Amino acid sequence: MTSPEPTADQSLTSVEYRMREAGAWLQLEDGVIENLIAPRRVLEVSIPIRRDDGTRVRFTGWRVQHNITRGPGKGGIRYHPSVNREETVSLAAAMSLKTALMNLPLGGAKGGIAVDPKLLSPRELERVTRRYVSEIFAFLGPDKDVPAPDVGTNAQVMAWVMDQYSIGIGHAVPGVVTGKPLALGGSLGRDSATGRGVVEAASLACQTRGTSIEGKRIVIQGFGNVGMWAARLAVGWGARIVGVSDVGGVIASEKGLDVDALVIAKQQGIESVVDAGVGEVIARGVEHSADVFALPSDIALPCALGDAIDAREAGLLTAKYVIEGANGPLTPAADDVLNDRGVIVVPDIFANAGGVTCSYLEQCQNYAHLQWDEDEVNASVVSTMRSAFKRLHAFSEEHSLSYRRAASVLGVKALADAHQLRGLHP
Ligand code: GLU
């Protein structure tokens, strides 16, 4: 028997839906797709800490190792109030597909804590991080599971992860985490890698249609690490950023926003792009964040949270290309709307894979006790993206599949093949 086609069941997460769809397309034997969808390990931990004022507070955290058949678990740690078990499992599954599609010798994992890091002092954030790491300590390690930054975490948080783990082992273990500060064995180019990959993905998609991103109008949702670097690098390629949105609202400029000024304002600590004094504020409030996609544009870069674009937002979107900088920003319904309209969607598991690709290069440097120069790292990220896109584009053409479906099929196939080859205990 083979896997049946999935029905558009609302209770299925997008990643599970995609995996079932890919399993059906590949006509995998019954039971195989179930095994690939189910996370290998889900750890739920309690994180009690003392606040600076002496009171006690408790958070819940998770670390999910979704697939570790092809290599150690790999994936970020997210600090956000909406983090929960189901979302972490789903994001970990996306990492399994991402590393498989990119042909990196890694599995897929994800972690997170249901906490708003903006409401904690730096000392409290450090205590939360250390307690979380000690709770999941036994499951971490350079050959077991290697975390990295994600929404709400950064290089400093990774430094605490490295330190807490190293204390337990008894010597410095830089390879337990990626996205670390340079002084602790981090990689040059890691900070910009995800944004660089997003812009490269946009450029590759444009090239298949005989054009380039030069002169294109770009709208971006989210101005965190990914959105900010994508904006900076796209401007370097001659594109115009005509709209940016975040939790505070939307700013726009037909002539192109002054991205350098936006970056400086952000570095000076503004809460939202609407406070930067750059461009025109056309809407305020998080509920308007997706309105940025309604601005006249050629390329849309959703670089914020998952499920940001549903069918309604997809109906308003004007761009011809959507490059998913975030994980899971389009719901399956939005995907259908865009597909019907002929919009080219480059899926997250390829489009934002520059980050994990650079994380892998960081691990290579840690294993070899070397530091590569920045140009070498950037060139390697870009060439890995180009090779993966070549495979993705060829497969999508050969089988008349959208990039989304082609990417899920290639990812699931690599996982299924690895399970099959390993045999009894895949
Ligand atoms: N959090 C990033 C992602 O979702 C990076 C993961 C990593 O570098 O391990 O791809």
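Only heavy atoms go into these numbers, but all of them, side chains included; no hydrogens, no water, no symmetry mates. The model shown is predicted, which means the values in this text are computed figures rather than measured ones. Position 1 is the first residue of the sequence, and the numbers go up from there. Counting convention: from 1, in listed order, for ligands and their atoms alike.
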Can you find a side-chain donor-acceptor pair between [X] and [Y] that sits under 3.5 Å?
{"X": "T194", "Y": "N352", "answer": "no"}
{"X": "N67", "Y": "H419", "answer": "yes"}
{"X": "T129", "Y": "Y79", "answer": "yes"}
{"X": "T178", "Y": "R190", "answer": "no"}

Within a distance under 4.0 Å of any heavy atom of [X], pick out the atoms of ligand 1 and give their elements.
{"X": "K110", "value": "1 (N), 4 (O)"}
{"X": "G76", "value": "1 (N), 6 (C)"}
{"X": "M95", "value": "3 (C), 4 (O), 6 (C), 10 (O)"}

For ligand 1, the portion of L91 having any non-hydrogen atom under 4.0 Å away: neither

Approximate separation, where rounding is to 0.5 Å, of L317 CG and L338 CG: 6.0 Å

Within-shell test, R190 vs ligand 1, heavy atom, strictly < 4.0 Å: yes

Contact check, K98 vs ligand 1, heavy-atom distance below 4.0 Å: yes

To check your reading of the model: name the closest protein heavy atom to [atom], its residue, and the distance in Å.
{"atom": "atom 9 (O) of ligand 1", "result": "K74 NZ, 2.8 Å"}
{"atom": "atom 1 (N) of ligand 1", "result": "D150 OD1, 2.7 Å"}
{"atom": "atom 8 (O) of ligand 1", "result": "S359 OG, 2.5 Å"}

Any side-chain heavy-atom pair of R63 and Y132 under 4.5 Å: yes

Closest contact, heavy atoms only, I218 versus A234: CD1-CB, 3.8 Å

Options P149, G108, G75, A148, ranked by nearest heavy atom to atom 2 (C) of ligand 1, top entry: P149

